[in-house]
Amino acid sequence: MPEPKKEKVKTYSRLLEEVSQELAIRRPLYLKLEELLGGNKKVVAFFTSFRYPVIIEDEDAHMLEEVLQNTDLDGKELVLLISSPGGDALAAERIVNICRSFSSDKFSVIVPKMAKSAATMVCFGAHEIRMSKTSELGPIDPQISVEDERGNIIKYQAAHEILESYNELMRKANTTNG
């Protein structure tokens, strides 16, 4: 009787590891991917949540740079496994520059699911983009942060919405009498 209970605990523990995406689950998969890609590659994952308001921001660029400083690339090509809804365009540019500076001759990206907006920009900065038949790149949609009086970001607004609003106000101002 104690044996089935022990197996249930083991199964539940493994499920929790998978849900929390623990390194013990992911590391063998990354090593296998490096092997399948040809051996002279180093896979580094960069995922952000698709639940608002998680976005690519400058702190992500700092974090990725620190990860790469502590990763033995030793002449290997960097392969960035990326999945993100996007974020700050300047952070995306920094991530591209960081990836290029730490990779041997070039760096490539793999998009297992989606790379939208600023994540698409990171992909466009790579020398090669690998995707499955169901992977997606998205439109580049710059966002402008709106802050409260204390400087805290309270929301993001699409830049095209601000431009459309401005153009509409200018049109009304030019066509209104008085």
Side-chain angles (χ1 to χ4, degrees), residues 18-21 26 29-30 33 37 41-69 71 77-103 105-178:
E18 289 181 22
V19 167
S20 63
Q21 299 182 16
R26 292 178 286 129
L29 297 173
Y30 298 155
L33 183 56
L37 291 172
K41 314 262 194 265
K42 185 65 176 177
V43 174
V44 173
F46 179 70
F47 289 16
T48 61
S49 174
F50 277 80
R51 294 185 191 151
Y52 183 81
V54 179
I55 63 166
I56 295 173
E57 51 192 3
D58 210 39
E59 288 79 15
D60 294 315
H62 295 309
M63 177 270 313
L64 183 59
E65 185 171 23
E66 188 172 327
V67 166
L68 293 176
Q69 286 172 345
T71 300
E77 178 185 328
L78 172 64
V79 178
L80 190 67
L81 191 62
I82 186 168
S83 180
S84 173
D88 181 42
L90 293 176
E93 181 183 19
R94 283 208 58 235
I95 289 171
V96 169
N97 290 333
I98 289 165
C99 289
R100 286 182 175 186
S101 69
F102 278 92
S103 193
D105 291 331
K106 60 182 183 171
F107 90 96
S108 60
V109 295
I110 296 175
V111 181
K113 188 178 175 182
M114 287 186 273
K116 303 291 187 166
S117 196
T120 298
M121 292 173 63
V122 172
C123 293
F124 288 164
H127 295 88
E128 181 179 24
I129 302 170
R130 295 179 178 171
M131 300 170 61
S132 75
K133 291 179 181 181
T134 60
S135 298
E136 299 176 22
L137 295 180
I140 298 171
D141 180 28
Q143 304 285 311
I144 297 172
S145 60
V146 179
E147 299 176 356
D148 65 14
E149 61 278 352
R150 288 183 255 155
N152 299 318
I153 296 173
I154 55 173
K155 70 175 184 174
Y156 291 89
Q157 188 167 6
H160 74 88
E161 291 175 353
I162 295 170
L163 287 173
E164 287 173 9
S165 177
Y166 172 82
N167 289 334
E168 178 65 14
L169 288 171
M170 289 303 290
R171 185 191 64 74
K172 287 180 179 178
N174 289 328
T175 59
T176 302
N177 291 329

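Quick caveat, the model's predicted, so the values are computed rather than measured. FYI, the numbering just counts along the sequence from 1.
Pairing each heavy atom of Val96 with each of Met121, the nearest pair is CG2-O, 4.1 Å. Residues Cys123 and Ala115 come closest through the heavy atom pair SG-CB, 3.9 Å. The nearest pair of heavy atoms linking Phe107 to Gly125 is CE2-O, 3.5 Å. Summarising the geometry of Ala92 relative to Ala118, their closest heavy-atom pair is CB-O, 3.4 Å, with the distance given to 0.1 Å.
The only option from Ile55, Val122, Ile56, Val111 that meets the side chain to side chain contact (heavy atoms under 4.5 Å, CB included) definition with Ser84 turns out to be Ile56.
In this structure, CD1 in Ile95 is found 8.5 Å from CG in Asp58, a value given to the nearest 0.5 Å. Taken to the nearest 0.5 Å, the CZ atom of Arg26 stands 8.5 Å off from the CZ atom of Phe47. Between the CE atom of Met131 and the NZ atom of Lys133 there is a distance of 13.0 Å, given to the nearest 0.5 Å. For the atom pair CG of Leu68 and CE of Met63, the computed distance is 9.0 Å after rounding to the nearest 0.5 Å. Atoms CZ and CD1, from Arg94 and Ile98 in turn, are 4.0 Å apart once rounded to the nearest 0.5 Å. For the atom pair Glu65 CD and His62 NE2, the distance stands at 8.0 Å (nearest 0.5 Å).
Counting heavy atoms from C-beta on, the side chains of Glu136 and Lys116 come closer than 4.5 Å. Between Pro85 and Thr48, some side-chain heavy-atom pair lies under the 4.5 Å cut-off. The shortest side-chain heavy-atom distance between Ser135 and Ile110 does not fall under the 4.5 Å cut-off. With a 4.5 Å cut-off on side-chain heavy atoms, Ser103 and Glu77 count as touching. Two residues are said to be in side-chain contact when any heavy atoms from C-beta on lie closer than 4.5 Å; Leu29 and Val43 fail this criterion. The closest side-chain heavy-atom distance from Tyr30 to Leu81 is below 4.5 Å. Taking the side chain as every heavy atom from C-beta outward, Leu137 and Phe124 approach each other to under 4.5 Å.
Judged purely by atom type and a 3.5 angstrom limit, Asp60 uses its side chain to pair as donor or acceptor with the backbone of Glu57. Between the side chain of Ser165 and the main chain of Ile162, no donor-acceptor pair closer than 3.5 Å is present.
With a 6.0 Å radius and a threshold of 12 heavy atoms from other residues, nucleotides or ligands, Glu66 has its CD atom at or below the threshold.
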query: So Leu64 and Cys99, side-chain contact (heavy atoms from CB on, under 4.5 Å) or not? Walk me through it.
result: CA-CA 9 Å; Leu64 183 59; Cys99 289; 3.9 Å; yes
